[in-house]
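The analysis underlying the following values was restricted to heavy atoms, covering all of them including side chains, and did not include hydrogens, waters or symmetry mates. Keep in mind it's a predicted model, so treat the numbers as computed, not measured. Labels below follow one simple rule: chain letters A, B, ... track the order of the sequence lines, proteins then strands, and each chain is numbered from 1.
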There are 2 protein chains.
Amino acid sequence: MNIQHKRSSLVPETVTCGPLPGSRKVYHHPQSHPELSVPFREIALDPASGEPPVRVYDASGPYSEENFKPDLAKGLPRTRAVWLEKRAGHESYAGRAVKPEDNGSVSADRLVPPCPANAAPLRGRTGALVTQYEFAKAGIITEEMIYAAARENLGREQAVEGAAARLKDGESFGASIPEFVTPEFVRDEIARGRAIIPANINHPELEPMVIGRNFLVKVNANIGNSAVTSSVAEEVEKLVWAIRWGADTVMDLSTGRNIHNIRDWIMRNAPVPIGTVPIYQALEKVDGDPIKLTWEIFRDTLIEQAEQGVDYFTIHAGVRLAHVPLTAKRTTGIVSRGGSIMARWCLAHHKESFLYEHFDEICDIMRAYDVSFSLGDGLRPGSIADANDAAQFAELETLGELTKIAWAKGCQVMIEGPGHVPIHKIKINMEKQLKECDEAPFYTLGPLTTDIAPGYDHITSGIGAAMIGWFGCAMLCYVTPKEHLGLPDRDDVKVGVITYRIAAHAGDLAKGHPAAQIRDDAVSRARFDFRWQDQFNLGLDPETAAHFHDETLPKDAHKVA
Amino acid sequence: MNIQHKRSSLVPETVTCGPLPGSRKVYHHPQSHPELSVPFREIALDPASGEPPVRVYDASGPYSEENFKPDLAKGLPRTRAVWLEKRAGHESYAGRAVKPEDNGSVSADRLVPPCPANAAPLRGRTGALVTQYEFAKAGIITEEMIYAAARENLGREQAVEGAAARLKDGESFGASIPEFVTPEFVRDEIARGRAIIPANINHPELEPMVIGRNFLVKVNANIGNSAVTSSVAEEVEKLVWAIRWGADTVMDLSTGRNIHNIRDWIMRNAPVPIGTVPIYQALEKVDGDPIKLTWEIFRDTLIEQAEQGVDYFTIHAGVRLAHVPLTAKRTTGIVSRGGSIMARWCLAHHKESFLYEHFDEICDIMRAYDVSFSLGDGLRPGSIADANDAAQFAELETLGELTKIAWAKGCQVMIEGPGHVPIHKIKINMEKQLKECDEAPFYTLGPLTTDIAPGYDHITSGIGAAMIGWFGCAMLCYVTPKEHLGLPDRDDVKVGVITYRIAAHAGDLAKGHPAAQIRDDAVSRARFDFRWQDQFNLGLDPETAAHFHDETLPKDAHKVA
């Protein structure tokens with residue numbers, strides 16, 4: 001590591017590394033593609049149990065290897081670069097020059113330096129195959145698809161025993177989960193628009209993963225920069241910490257100073273897809289005044305972030321001028337930040353949203369880098385009172401229209417969803433999204449199932465997340481205990497991610513995912529046999545489980561009873 | 001307070017009192033029965049909001065009054081005594097003499113003294129009206145029914161505006177929730193067997209409440225004595241703390257020394273129904289060896305606890321000899337403590353369960369004191385792998401058979417349920433319970449929806465609890481973060497209760513309970529108006545919400561923005 005900027009003895013100069021207790025990192029090489037190294041975590045069990053290690057999905061990147069020494073300035077290994085080099089559709093170019101406003105016009109003495117690992121960006125050529133969607137439609141299986149398929153199977157070369165029975169025992173509401181995920185299945189799902197592999201061609205450090213209703217339910221965690229950045233490592237650590245506990249993707253919602261350069265450091269050190277909301281940065285460039293936003297500034301911001309390697313963008317193009325009045329009688333108006341920015345702009349100018357008007361051009365830019373769409377739900381309900389109202393559903397219908405445009409342009413698309421929804425109104429959200437958006441992956445915030453528990457909204461929303469994951473939602477955006485109250489700290493992020501891993505897994509179990517129950521069964525056997533250490537290590541949070549146990553029964557003897 | 005026994009400066013000598021922030025205790029006097037004082041909590045809002053206080057259900061007893069001074073030796077006011085005295089069906093008698101084994105044969109120097117508030121017990125006469133079920137069947141509305149009805153309506157004298165629309169907007173799976181709960185409706189539900197008011201005639205301190213599918217979903221918290229009791233106040237505090245955060249009933253699962261006398265102190269200071277599992281104490285009396293259990297010892301224990309005023313007993317009479325082999329191939333065998341005790345007894349003696357064989361006599365005893373049945377699910381699944389299996393459902397069918405016997409004997413009945421169940425198998429539990437047990441109230445532990453998160457089982461189970469509450473479960477038994485790992489401390493109990501209040505409320509909202517959303521809406525308006533203090537105070541845990549907010553935005557100015 002080689003960070004000389006603004007050192008502080010109080011601030012970590014590195015990031016959290018090393019395996020979880022009882023675990024080791026393993027890399028699987030698919031028989032058909034032995035050159036690929038697909039990461040998993042293996043949890044070793046008490047030899048006396050006679051049970052083999054349990055292999056689990058692992059999005060934590062090389063950080064959880066036994067002896068990984070991160071060098072943030074160098075960035076993670078650029079594994080995907082080899083795959084990308086073989087493809088003819090890209091060209092390298094000088095890239096857009098970084099402007100002072102990209103970093104919030106921070107003064108020179110406070111400027112976080114750019115990440116030395118930055119390379120000249122790639123850009124897709126018109127007419128060539130660039131996006132995973134385009135490859136899939138052309139019948140071509142990419143390395144990303146092979147890699148993601150292997151992850152879904154936990155490195156198995158064939159279906160688990162009893163897969164058909166598991167699927168039959170589940171209830172997936174019309175999903176088409178296979179007994180075994182082949183690369184061809186991944187390709188087919190992407191071509192059908194039912195799945196995406198968010199994978200910007202400028203993110204060679206990525207360990208590809210697939211998001212779709214017929215795959216394991218995924219979890220996103222949000223991070224944001226601190227008001228005053230003490231070190232780059234502190235910012236990268238937020239990412240590393242979130243993926244350590246199981247976040248599959250991370251959204252960087254930073255605002256203010258240094259966001260461009262911090263994003264560089266995050267991208268170069270991110271093994272997971274990174275999402276952003278470009279309108280946030282665009283707004284910074286016009287001094288926080290939504291009315292001053294222009295298509296040109298927004299367009300420039302898209303290119304800026306696409307060149308950095310951001311894998312998916314939230315684009316609030318569904319907030320149309322005509323939808324805004326539908327929110328007038330709401331209890332909580334418009335609570336999405338992007339939604340309120342765009343509503344403000346539309347009303348002030350009394351014009352149709354420039355995102356909607358320029359949607360074709362947005363598609364062209366995002367296609368050129370294979371940035372996936374995350375079509376934002378700017379009119380999502382902010383309270384139980386506003387759930388499933390006319391504004392929300394009008395926007396969802398527009399998102400369905402935009403989905404088809406984006407597909408026609410060769411882009412990958414997922415759709416964002418609510419928000420606050422009582423549990424009996426969750427299923428209709430899922431059903432309407434599938435219908436309107438022709439089964440494009442759904443990506444929801446919670447939903448929170450009641451408003452009465454500030455401080456516990458990871459739980460109010462974890463209930464809704466488990467249910468919508470079961471109903472067919474492809475990715476769940478986490479909510480932390482600090483939701484509505486303040487900025488999450490390290491503990492909040494961990495609790496949020498673990499709560500959402502519970503929700504995602506509960507959904508997978510219920511859908512009858514062929515291998516989901518293997519881990520539950522291993523925990524249950526360990527529990528029944530009083531193999532305490534195995535029970536802790538097999539759980540989502542071995543440290544907390546062991547600590548809770550030791551609080552009341554601190555003797556080692558009790559752990560091996 | 002007048003406790004001289006085993007003082008310790010480290011141990012509280014009193015219990016937690018006083019209102020929650022922003023709240024005050026109010027007592028409602030129903031127009032038709034102004035002599036009744038029905039407790040609620042009123043949350044005052046910022047005067048600038050122009051909104052009236054929000055009234056919420058309150059099970060916390062007099063402890064949350066502004067100036068309540070608990071006197072544990074004297075016990076709570078015996079409000080019900082006046083009602084009971086008017087009834088002809090009871091007789092007072094000397095009561096069973098306390099035996100050394102009732103307190104675990106504790107040595108004299110360690111004996112917790114009996115509670116001075118104890119009075120001679122009442123016993124119902126054969127042929128007279130004693131239980132709430134008998135009164136209900138006879139068409140008589142008791143004070144308990146009037147009181148419970150007023151609680152369900154939050155002290156309103158008529159239905160809330162829009163009640164019909166709320167009900168229509170909900171989904172209650174065939175429940176019959178009324179727009180307004182009248183005492184006659186409570187009576188009718190009890191007569192129908194669809195609801196119970198657990199109310200031992202020896203528990204005059206009780207603030208009656210109703211448990212049933214057509215009422216608000218209730219929450220139970222479990223407590224247990226410490227291995228070494230430091231003070232009586234410490235044990236009573238566990239009850240007071242659990243109801244402070246919203247537990248509607250409390251099960252005392254104590255074992256070991258002093259349990260009889262501690263139970264005295266708990267009963268005399270409990271405004272909520274107290275449940276127990278009598279087989280636990282019976283087992284203590286035979287030195288922990290299930291094989292030595294006899295009907296006579298169990299019978300004597302029932303009378304002992306019934307005289308003390310315990311409101312409901314878990315009776316594992318559904319664990320029949322023939323069911324035990326059905327668990328042989330399970331992943332986690334029999335995990336219910338009561339279930340494993342009875343299975344062990346049945347197998348050792350190769351005899352039918354004495355609980356099943358003597359069920360008529362059990363009914364006669366419980367009827368005489370109006371102790372409600374909580375028919376235990378001794379074969380509940382202890383893992384996802386064992387959910388909904390033959391053993392579980394065979395027992396449930398037996399519980400259905402026993403329900404009808406208990407009703408015929410004049411007893412109130414609810415049914416206990418699982419346990420560990422993946423989310424797609426929860427609904428079938430509810431449906432089968434309604435069918436087999438003819439709609440007797442269901443009372444479930446969770447269910448936990450995955451086994452992979454030791455340390456977070458309040459969340460794995462909160463998901464299942466919300467869902468089964470929606471489907472029709474009447475009461476949810478909480479699970480704390482320490483489940484499977486150790487004994488819950490004060491913080492764990494609070495988190496467990498709040499998680500389950502979330503689950504219960506999410507269920508109420510989804511069922512379309514006419515008034516449930518009033519509190520959500522008040523929070524949402526406070527949130528939208530940046531009335532921070534109102535948002536905190538309206539939440540389930542004002543202190544945590546305020547603390548979380550202040551961590552990142554500590555200035556008062558931010559709270560009134």
K.L.:
Quick one: which of B:Gln517, B:Arg527, B:Arg501, B:His420 has the most heavy-atom pairs under 4.5 Å with chain A, could you say?
P.N.:
B:Arg527
K.L.:
Any heavy-atom pair between the side chains of A:Lys425 and A:Ile384 that's under 4.5 Å?
P.N.:
no
K.L.:
May I ask you to name which of B:Gly455, B:Ser383, B:Gly539, B:Ala545 has the most heavy-atom pairs under 4.5 Å with chain A?
P.N.:
B:Ala545
K.L.:
Does any backbone or side-chain atom of A:Ile423 lie under 4.5 Å from a heavy atom of chain B? Answer side chain, backbone, both or neither.
P.N.:
both
K.L.:
With a 6.0 Å cut-off (strictly less than), is the heavy-atom count around CD1 of B:Ile518, excluding the residue itself, greater than 12?
P.N.:
yes
K.L.:
The criterion is side-chain hydrogen bond (donor to acceptor under 3.5 Å, both in side chains); which residues satisfy it with B:Thr480, sequence neighbours excluded?
P.N.:
none
K.L.:
Test of understanding: with salt bridge (charged side-chain N to carboxylate O under 4.0 Å, His left out), list the residues that count as partners of B:Arg337, not counting sequence neighbours.
P.N.:
none
K.L.:
Check whether B:His458 gets within reach of chain A through its side chain, its backbone, both or neither, counting any heavy atom under 4.5 Å.
P.N.:
side chain
K.L.:
Do B:Ser524 and B:Asp521 have side-chain atoms, one donor and one acceptor, less than 3.5 Å apart?
P.N.:
no
K.L.:
Using non-hydrogen atoms only, which part of A:Asp489 is less than 4.5 Å away from chain B: side chain, backbone, both, or neither?
P.N.:
side chain
K.L.:
Do you know which of A:Gln535, A:Lys482, A:His547 has the most heavy-atom pairs with chain B at a distance under 4.5 angstrom?
P.N.:
A:Lys482
K.L.:
Based on non-hydrogen pairs under 4.5 Å, which of A:Gly170, A:Pro422, A:Ala522 is most in contact with chain B?
P.N.:
A:Gly170
K.L.:
Return the option, out of A:Val495, A:Leu487, A:Asp520, A:Ile463, with the maximum number of heavy-atom pairs under 4.5 Å with chain B.
P.N.:
A:Asp520
K.L.:
What option among A:Thr449, A:Ile502, A:Leu538 has the most heavy-atom pairs under 4.5 Å with chain B?
P.N.:
A:Ile502
K.L.:
Among B:His505, B:Glu171, B:Lys511, which has the most heavy-atom pairs under 4.5 Å with chain A?
P.N.:
B:His505
K.L.:
Is A:Arg525 paired with A:Asp534 through a side-chain N to carboxylate O contact shorter than 4.0 Å?
P.N.:
no
